[in-house]
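Here's the structure, in structure tokens; my notes come after.
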Amino acid sequence: MRANKLRHLAEGCLPEGASLKTDRGRALYVSNCPEARSALETAGFYVAQRGALITIDLTRRLLPALEGCFLYHDPDDALLRQLGELAGRDVRDEELRLLTLSLKALERGGAAKTDPDKQLRRTAALCLRSGGGGALALACRIQRTQKEERRYED
């Protein structure tokens, strides 16, 4: 449900009959409707042409909308607590990439192809060296939400 907020936002920019699918590549979504580019960009997405399709990605402008969707909190989660201390720092492209991967895994409802904590820690190390880290707690909350949802499904 939570990841669907972005999907609904993107779908609202598309005309009836246009498709929106989770991208199998690096983007968040892909659509067969290039004429919706302007509306998607106005909504805060980054849009690029890929042949006859367009790819649709997160931007920093969309992060506040995501923040309210993922309120997972565990006072005993040391990683989440440490990453939360980075709030307010710059958000690096690597963090947007990690958020995209986390959201895609959540939408698919399946396990991520690689260990999410390992990806998160690797991205955190890279961002800390470069002065970023502002969206790492959000990525952690998305991943923890996915774990919780899978646990309740079992």
Side-chain angles (χ1 to χ4, degrees), residues 1-70 72 79-80 83 86 89-151 153-154:
M1 162 62 185
R2 290 171 251 270
N4 286 344
K5 183 171 185 176
L6 284 179
R7 178 175 285 281
H8 291 305
L9 180 61
E11 286 174 336
C13 297
L14 300 175
E16 193 171 321
S19 72
L20 182 73
K21 297 182 180 179
T22 302
D23 188 28
R24 293 183 186 174
R26 293 182 57 94
L28 182 58
Y29 301 120
V30 64
S31 176
N32 63 348
C33 187
E35 53 275 4
R37 180 181 195 133
S38 178
L40 287 160
E41 288 172 340
T42 299
F45 291 98
Y46 172 77
V47 181
Q49 195 74 36
R50 185 194 297 160
L53 303 174
I54 55 171
T55 59
I56 303 163
D57 264 313
L58 285 175
T59 64
R60 288 163 185 82
R61 283 182 44 208
L62 292 169
L63 296 183
L66 281 175
E67 284 287 344
C69 295
F70 297 96
Y72 172 89
L79 180 59
L80 181 58
L83 295 176
L86 303 175
R89 291 180 73 162
D90 287 342
V91 175
R92 301 287 187 219
D93 291 342
E94 295 84 5
E95 293 171 79
L96 291 176
R97 177 77 187 123
L98 179 63
L99 286 168
T100 297
L101 292 172
S102 300
L103 288 166
K104 286 166 68 169
L106 186 61
E107 273 204 9
R108 285 192 305 264
K113 293 180 182 179
T114 59
D115 178 25
D117 269 357
K118 187 175 182 179
Q119 284 180 307
L120 184 60
R121 290 175 191 277
R122 186 179 305 137
T123 304
L126 182 68
C127 290
L128 289 174
R129 287 191 300 270
S130 65
L136 291 173
L138 174 59
C140 187
R141 287 195 311 271
I142 292 169
Q143 291 176 2
R144 298 303 195 258
T145 298
Q146 182 185 9
K147 277 185 186 177
E148 287 292 310
E149 288 181 0
R150 276 201 321 259
R151 192 176 88 192
E153 289 173 0
D154 293 339

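Only a predicted model underlies this, so the values are computations on that prediction, with no experimental measurement involved.
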Reported CD-to-CG distance for the pair Glu11 and Leu40, which is rounded to 0.5 angstrom:
11.0 Å

Please identify each residue that fulfils salt bridge (charged side-chain N to carboxylate O under 4.0 Å, His left out) with Arg60, with sequence neighbours left out.
Asp93

Side chain to side chain donor-acceptor pair (under 3.5 Å) with Arg144: which residues, sequence neighbours excluded?
Asp77, Asp117

Compare every heavy atom of Leu62 with every heavy atom of Ala43, then report the nearest pair and how far apart it is.
O-CD2, 3.6 Å

Rounded to the nearest 0.5 Å, what separation is found between the CG atom of Leu101 and the CG atom of Leu96?
11.0 Å

Between Leu80 and Ala137, the two heavy atoms sitting closest are CD1-O, 3.7 Å

List the residues meeting side chain to side chain donor-acceptor pair (under 3.5 Å) with Ser102, not counting sequence neighbours, and say none if there are none.
Gln143

Just by modelled atom types, is the Asn32 backbone N or O under 3.5 Å from a matching donor or acceptor in the Lys21 side chain?
no

Contact check, side chains of Leu106 and Phe70, non-hydrogen atoms, under 4.5 Å
yes

Residues Lys104 and Thr22: closest non-hydrogen pair is CG-CG2, 3.8 Å

Partner set under side-chain contact (heavy atoms from CB on, under 4.5 Å) for Pro15, not counting sequence neighbours:
Ala18, Cys33, Ala36

Sequence-distant partners of Thr59, side chain to side chain donor-acceptor pair (under 3.5 Å), two or more places apart:
none

Output yes when a side-chain donor or acceptor of Ser31 lies under 3.5 Å from a complementary backbone atom of Ser19, and no otherwise.
yes

Pairs touching residues 48-57 that satisfy side chain to side chain donor-acceptor pair (under 3.5 Å), sequence neighbours left out
Asp23-Arg50

Flag the pair Arg97 / Arg92 as yes when at least one side-chain heavy-atom distance between them is below 4.5 Å, and no otherwise.
no

Pairs where residues 25-37 contributes a residue and the test salt bridge (charged side-chain N to carboxylate O under 4.0 Å, His left out) is met, not counting sequence neighbours:
Arg37-Glu41

One should read off an interatomic distance between Leu136 CG and Glu94 CD, to the nearest 0.5 angstrom, of 10.0 Å

Which atom names give the shortest non-hydrogen contact between Ala65 and Lys5, and what distance separates them?
O-NZ, 3.6 Å

For the CD1 atom of Ile56 and the CG atom of Leu6, what is their distance to the nearest 0.5 Å?
11.0 Å

Could you work out, with side-chain contact (heavy atoms from CB on, under 4.5 Å) as the rule, every residue matching Ala139, not counting sequence neighbours?
Leu98, Leu99, Leu120

Test your reading of the model: is there a side-chain donor-acceptor pair from Glu95 to the backbone of Gly134, 3.5 Å cut-off?
yes

Any side-chain heavy-atom pair from Leu66 and Arg141 closer than 4.5 angstrom?
no

Measuring from atom OG1 of Thr100 to atom OH of Tyr29, what distance do you get when rounded to the nearest 0.5 angstrom?
9.5 Å

Residues two or more places apart in sequence or in another chain: which of them pass side chain to side chain donor-acceptor pair (under 3.5 Å) with Asp90?
none

Please round to the nearest 0.5 Å and tell me the distance separating atom CG of Leu103 and atom CZ of Arg7.
11.0 Å

